[in-house]
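Written out below as structure tokens is the structure these notes cover.
Starting from 1, each residue takes its place in the sequence as its number. As the structure is a computational prediction, the values presented were derived from the model and not from experiment.
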Amino acid sequence: MDCPKCKSNRQVKDGNTNGRQRYQCKNCGYRFSVERRSTEKSDEKKRLALQLYLEGLGFRAIGRVLEINFMTVYYWIKKWGDSVSLPSSESPVEIVELDELHSYVKNKKNYCWIWIAVDRFGKRFIDFVCGKRDTVTFSKLWSRLKSQEINGFCSDYWKSYSELIPVEKHCESKKETFTIEGYNSRIRHYLARFKRKSKCYSKSKHMMEISLKLLFLKLNNQLSIII
């Protein structure tokens, strides 16, 4: 680190200011501070934490690997998740597959269902909603999907689908949900909180939604934080 005034690399420590180390140049006597606080983590470490999280590690595991407090990782993920959203499709979608999978919130007796929509031919996640396995919850997802230009929907025989999707656009068959079934397995693979025998289940629905947004953007190649 060179002196900002005379560019000399000869300096001594000269106390702290607002958490930043101060130095005094031995050549010209100029006093200056470092640009980053001593406790502040680099952007590279933050991005690495996000990459590890989206590769299946939990907060505590990431903290152990990067030698930082796991709550710091939690706040990074939460901040990123709150700042992003899944973009709407700008072009018509031929077929959207619909399915739901379950996880837990707060404890393993409290089920939470994730309703997911996937573009079959575009190979990307379109949208999702978390809640109960009922028509009220699916209606929240449907209200967003029906405003988009989608030619057809494929789902299993769960009653909520047939209650809301127009019959002329709806195909009910387990054989026609092969794409989304594979995508469901990717969710359980890449997020620790969705593993079937995991100790990392979600403490809140908000963190579940944040995690899914970040993962879906990554799998869609739309997560600029990493790119």
Side-chain angles (χ1 to χ4, degrees), residues 54 81-106 108-196 198 201-202 204-224:
L54 297 179
D82 285 332
S83 67
V84 298
S85 59
L86 285 169
S88 299
S89 177
E90 298 179 355
S91 57
V93 179
E94 185 63 28
I95 297 293
V96 166
E97 295 184 22
L98 301 164
D99 198 16
E100 67 283 348
L101 76 157
H102 80 271
S103 187
Y104 316 95
V105 174
K106 294 184 179 179
K108 292 195 174 181
K109 295 181 180 179
N110 187 18
Y111 268 42
C112 182
W113 290 87
I114 302 93
W115 301 72
I116 303 168
V118 167
D119 178 355
R120 176 186 289 182
F121 301 114
K123 301 297 182 184
R124 65 183 183 89
F125 291 92
I126 293 180
D127 210 338
F128 73 97
V129 68
C130 299
K132 297 182 179 179
R133 199 185 190 193
D134 58 14
T135 304
V136 174
T137 303
F138 175 59
S139 66
K140 298 175 183 177
L141 177 60
W142 175 245
S143 66
R144 300 199 292 261
L145 292 176
K146 68 181 181 181
S147 62
Q148 302 183 45
E149 192 173 348
I150 301 172
N151 294 330
F153 298 87
C154 295
S155 74
D156 56 22
Y157 296 97
W158 188 248
K159 60 181 181 179
S160 298
Y161 297 120
S162 58
E163 289 178 4
L164 295 179
I165 304 175
V167 63
E168 65 273 11
K169 283 192 171 186
H170 189 199
C171 173
E172 293 181 274
S173 173
K174 289 291 291 184
K175 294 181 179 179
E176 295 296 331
T177 57
F178 51 87
T179 304
I180 198 168
E181 292 288 353
Y183 275 51
N184 286 347
S185 68
R186 298 179 78 185
I187 295 172
R188 297 200 183 277
H189 175 76
Y190 284 113
L191 288 177
R193 66 185 62 236
F194 285 98
K195 290 179 170 58
R196 293 189 181 276
S198 174
Y201 57 86
S202 299
S204 70
K205 189 172 79 169
H206 184 58
M207 278 307 298
M208 177 183 289
E209 293 169 341
I210 282 173
S211 301
L212 288 168
K213 275 197 299 181
L214 290 169
L215 178 65
F216 291 172
L217 286 169
K218 175 197 171 184
L219 297 178
N220 288 352
N221 293 319
Q222 296 172 318
L223 188 57
S224 58

What is the minimum heavy-atom distance between [X] and [Y], and which atoms define it?
| X | Y | value |
| --- | --- | --- |
| His170 | Ser155 | NE2-OG, 2.7 Å |
| Asp156 | Trp158 | OD1-N, 3.1 Å |
| Met207 | Arg193 | CB-NH1, 4.0 Å |
| Ser173 | Tyr157 | CA-OH, 3.9 Å |
| Cys130 | Leu212 | SG-CD1, 3.9 Å |

How long is the span from the [atom1] atom in [X] to the [atom2] atom in [Y], to the nearest 0.5 Å?
| X | Y | atom1 | atom2 | result |
| --- | --- | --- | --- | --- |
| Leu214 | Ser83 | CG | OG | 7.5 Å |
| Leu164 | Lys159 | CG | NZ | 12.0 Å |
| Thr177 | Asp99 | OG1 | CG | 6.0 Å |
| Lys169 | Ile95 | NZ | CD1 | 10.5 Å |
| Glu100 | Cys112 | CD | SG | 12.5 Å |
| Ser160 | Leu141 | OG | CG | 11.0 Å |

Minimum side-chain heavy-atom gap [X]-[Y] below 4.5 Å:
| X | Y | answer |
| --- | --- | --- |
| Gln148 | Val96 | no |
| Leu86 | Ile126 | no |
| Asn221 | Arg124 | no |

Worksheet item: Run the side chain to side chain contact (heavy atoms under 4.5 Å, CB included) check on Arg133 and His102 step by step: do they pass?
Response: CA-CA 9 Å; Arg133 199 185 190 193; His102 80 271; over 6 Å; no
Side-chain ([X]) to main-chain ([Y]) donor-acceptor, under 3.5 angstrom:
| X | Y | result |
| --- | --- | --- |
| Glu176 | Cys154 | no |
| Lys195 | His189 | yes |
| Lys218 | Leu54 | yes |
| Lys213 | Val84 | yes |
| Asp127 | Ala117 | no |
| Thr137 | Lys132 | yes |

Practice prompt. Run through Val118, Ile165, Ile116 and flag the one making a side chain to side chain contact (heavy atoms under 4.5 Å, CB included) with Leu98.
Written response: Ile165
Fill in: Pairs meeting criterion ring pair (Phe, Tyr, Trp, His ring centres under 6.0 Å) with involvement of residues 116-138, two or more places apart
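Counting only pairs at least two positions apart or across chains, the ring pair (Phe, Tyr, Trp, His ring centres under 6.0 Å) contacts touching residues 116-138 are Trp115-Phe138, Phe125-Tyr183, Phe125-Phe216, Phe128-Phe216, Phe138-Tyr161.
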